[in-house]
Colleague: 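Got a structure for you, written out below as structure tokens; questions coming shortly.
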Amino acid sequence: MIVSKQPVLKKFWYPVMPLSHLKDRPLPFTLLGENIVLWKQEDGSVACIKDRCCHRTAKLSLGFLEEGNVVCGYHGWTFDAAGVCVKIPQQPEQAVPQKARVPAYKTQVKYDYVWVALEEPLNDIPDFLEAGLPGFRQVHQFYETWNIGALRLMENSFDSAHVAFVHRGTFGDVQRPQVGTREMLERPFGFVSRQSAEVKVRGDLAQKAVQTGDGTTTRRTESEWFMPFIRRSSIHYPHGLIHVLITCATPMSDDKSMILQWVYRNDTEADVSTAEVIAFDRAITFEDKLILESCEADVPLSIVDGAMSETG
Ligand code: FES
Ligand SMILES: [Fe+2]
């Protein structure tokens with residue numbers, strides 16, 4: 001499955017950048033192969049239109065902002081949030097031609113990120129249980145491009161069989177390759193999977209998990225897949241810590257995805273610092289990245305690549 005062959009993917013919300021990145025200039029992003037430009041309007045709301053001026057095709061993201069609109073850096077044509085050209089500076093006396101416009105896209109701000117849908121979305125941005133729940137803090141972890149098809153990350157997120165091997169340097173244990181049973185529940189736009197697993201506890205103990213004499217702890221995980229490329233994984237440790245990972249693979253192209261990850265935790269900065277929380281998941285995520293970037297972008301939907309997928 002490669003994203004460019006699935007037009008339905010345009011009908012979903014994707015987080016494209018932290019809201020904090022939008023300051024006083026337009027910024028580009030590539031979503032599902034579409035070049036888009038985002039900026040913050042004067043009232044603080046976010047606008048998003050195609051990053052292609054309808055005059056001579058220059059990228060509008062190379063321009064600048066003026067009174068809440070984006071000004072093309074080539075000849076100064078100016079566009080509003082609806083993608084309508086509202087000013088041609090060389091012809092101040094003449095009406096702007098009606099066809100001088102570019103496509104505009106829906107935006108929302110949620111969880112401190114800007115979300116974009118290229119077409120009318122089929123569902124809402126997921127509601128994450130812990131967002132805003134008393135006693136939980138939000139820690140932003142990563143915003144970075146990986147050279148992978150977005151589905152690779154989602155498959156990996158629900159693939160217990162990789163943990164013992166890919167994560168042998170952190171919490172995996174090659175001596176325990178078996179995967180436990182899971183409980184699966186289907187949802188309208190995804191599924192929930194519940195599982196308990198024994199894992200190794202690392203020396204740096206960013207999780208401060210209770211460990212047994214052999215250096216393991218048992219953690220209970222509830223993971224939820226929100227179509228198409230969002231995962232919420234709520235990890236419960238025996239001593240009460242809940243570490244909830246929100247991981248999004250926003251498809252930029254067939255072989256490139258923006259990976260965004262943040263967590264909710266029911267502890268405090270005094271218990272475990274933000275830097276430690278990031279460092280713990282950082283090490284694990286790099287292990288996944290190395291392997292996933294070595295895989296091809298086209299994700300087979302059968303167990304064995306090649307033979308099975310080619311013969312059906
Ligand atoms: S290309 Fe944008 S104003 Fe000319
Ligand atoms: Fe992993």
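Just so it is clear, the model here is predicted, and its values are computed rather than measured. When a ligand or atom number is given, it counts from 1 through the structure's own listing order.
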Colleague: Which ligand 1 atoms, with their elements, are less than 4.0 angstrom from a heavy-atom of W77?
Modeller: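 What qualifies from ligand 1 is 3 (S).
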Colleague: Can you list the atoms of ligand 1 that are under 4.0 Å from a heavy atom of C72?
Modeller: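 Contacts of ligand 1 toward C72, numbered from 1: 1 (S), 2 (Fe), 3 (S).
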Colleague: Just by distance, with hydrogens left out, do T170 and E287 show a side-chain donor and acceptor under 3.5 Å apart?
Modeller: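 T170 vs E287: donor-acceptor pair found between side chains.
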Colleague: Please calculate the NE2(H167)-the Fe ion (ligand 2)-NE2(H162) angle and round it to 10 degrees.
Modeller: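 It rounds to 100°.
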Colleague: Near atom 2 (Fe) of ligand 1, is there an N/O/S atom from C53 that is less than 2.8 Å away?
Modeller: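 Checking C53: at least one N, O or S atom is under 2.8 Å.
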Colleague: Looking at Y113, F142, F136, Y143, which one forms a ring pair (Phe, Tyr, Trp, His ring centres under 6.0 Å) with W262?
Modeller: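 Single pass found, and it is Y113.
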Colleague: Give me the atom names and distance for the closest heavy-atom approach of I284 to H167.
Modeller: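 Residues I284 and H167, closest heavy atoms: O-CE1, 3.2 Å.
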Colleague: Counting backbone and side-chain atoms alike, does E287 have an N/O/S atom under 2.8 Å from the Fe ion (ligand 2)?
Modeller: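 Checking E287: none of its N, O or S atoms is under 2.8 Å.
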Colleague: Validate the cation-pi geometry between R282 and F286: distance from NZ or CZ to the six-membered ring centre under 6.0 Å, angle to the ring axis within 45°.
Modeller: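 Here R282 passes the 6.0 Å and 45° test against F286.
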Colleague: Restricting to N, O or S, what is the name of the atom of H55 that lies nearest atom 4 (Fe) of ligand 1?
Modeller: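 The H55 atom nearest to atom 4 (Fe) of ligand 1, restricting to N, O or S, is ND1.
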Colleague: Indicate yes or no: at least one non-hydrogen side-chain atom of V272 is less than 4.5 angstrom from one of R265.
Modeller: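 The answer is yes, as the side chains (C-beta and beyond) meet within the 4.5 Å cut-off.
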Colleague: What residue and heavy atom of the protein are closest to atom 4 (Fe) of ligand 1, and at what distance?
Modeller: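 Nearest neighbour among protein heavy atoms for atom 4 (Fe) of ligand 1, to 0.1 Å: H75 ND1, 2.0 Å.
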Colleague: Within a distance under 4.0 Å of any heavy atom of R56, pick out the atoms of ligand 1 and give their elements.
Modeller: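 Contacts of ligand 1 toward R56, numbered from 1: 1 (S).
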Colleague: Do T268 and D271 have side-chain N/O donor and acceptor atoms under 3.5 Å apart?
Modeller: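 Yes, a side-chain donor-acceptor pair sits under 3.5 Å.
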